[in-house]
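Just so you know, these numbers use all the heavy atoms, side chains as well, and skip hydrogens, waters and symmetry mates.
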Amino acid sequence: MSKHRVSRRQFLNYTLTGVGGFMAAGMLMPMVRFAVDPVLKANAAGDFTATKLKVDDITKEPERVDFTFDQKDAWYESEVTNTAWVYKNEEGQIVALSPVCKHLGCVVAWNTDKKNPNRFFCPCHFGLYEKDGANVPGTPPLARLDEYPYKVKDGILYLGKAKPRKEA
Amino acid sequence: MKWISTDIEMYLKAAEYVDTAIIPLFPVAFGDGMKESSAKTEFSGLLSGLLERQFRGRVILLPGIPYLNGSEDSLILQLEEWEKVLAEGGLKHVFYITSDIGWKQRESRLGGSLLWMPSLPLEHMDEASKMSVLEDQAKQLMPLFARKWEELDGV
């Protein structure tokens, strides 16, 4: 024990500084957090979601791939499952097409109409798309199927948000 | 399309392409039947939602109709009214989706098509298996829609 005695004045000074410090920190911390938040966010994987599909397993035949991510809808947070049709084209590039019909938003599937093999078929109004996503003229859809941007990491396919295709 | 304002806006622009209504029928009971009827309601609700997602460009998913157990017969009379109004609005196909077996014996008295699916015990499943089970069930129902439409379009 030291012989130095703390005077009443000193004691009050220490206490006030301590408490004041905590209060200041309590105010400043959220502000600092707020300021650096975008930096921290960039560390996350971005908008890409991992699928269960290995890149090596992708064939030339379109394959249905489901992937799940969290979506916030106002205050309601839910898991959303999206579907993509994934295949490798003639040049060996990966193509991931959205299954949402450009007509009115039904779900299209590969090769389900017997009269139109090797095309994407929409059961609602019999819309058709070629394998590369191009709409078949004379059927209701007026645009190509949307395409997912993709990334490959550790041999696994990651898909982003579906985007309308640029005209080739 | 769902019964929400954004979808209905889309419907108003594309009404000529939409000719099918889905009406879920939800049984409600208290006492002993509470648990069972809630499971049936949950199951048919989820199933209707999935079907809407598949066929959103051609169907309207109406808000489900709840009814007390035992009041099915009076509901049939109301449904006749519903069908009349829907037909005037261009929705000539009506599909009722329910897990209540009581509708099976009343099927012939309904104007629309009845899709009855026994409810499955979803409460013991995790999210992923729930989804795959429901999707399997929906897949079995999808051809019924396609067939109904083909009859009409004469394809």
Tell me the residues of residues 99-110 of chain A whose non-hydrogen atoms fall below 4.5 Å from those of chain B, in number order.
-> H103(A), L104(A), G105(A), C106(A), V107(A)
Using non-hydrogen atoms and a 4.5 Å limit, figure out which bit of M142(B) sits close to chain A: side chain, backbone, both or neither.
-> neither
Which residues satisfy the side chain to side chain donor-acceptor pair (under 3.5 Å) test with R64(A), sequence neighbours excluded?
-> D66(A), E135(B)
Are F55(B) and F95(B) an aromatic pair by the rule of ring centers under 6.0 Å?
-> no
For chain A, the option from R53(B), E127(B), M1(B), K13(B) that forms the most heavy-atom pairs under 4.5 Å = R53(B)
Ring centroid separation Y96(B) to W82(B) under 6.0 Å | no
E107(B) with K104(B): basic N within carboxylate O range, under 4.0 Å | yes
Output, in order, the C-alpha distance, side-chain angles, deciding distance and verdict of side-chain contact (heavy atoms from CB on, under 4.5 Å) for F48(A) and K153(A).
-> CA-CA 11 Å; F48(A) 284 83; K153(A) 216 163 102 187; over 6 Å; no
Do K40(B) and E36(B) meet the salt-bridge criterion of a basic N to acidic O distance under 4.0 Å?
-> yes
Kindly confirm or rule out a cation-pi arrangement of K151(A) over Y158(A), judged by NZ or CZ under 6.0 Å from the six-membered ring centre and within 45° of its axis?
-> no
If you count heavy-atom pairs under 4.5 Å with chain A, which of A128(B), A146(B), G57(B) comes out on top?
-> G57(B)
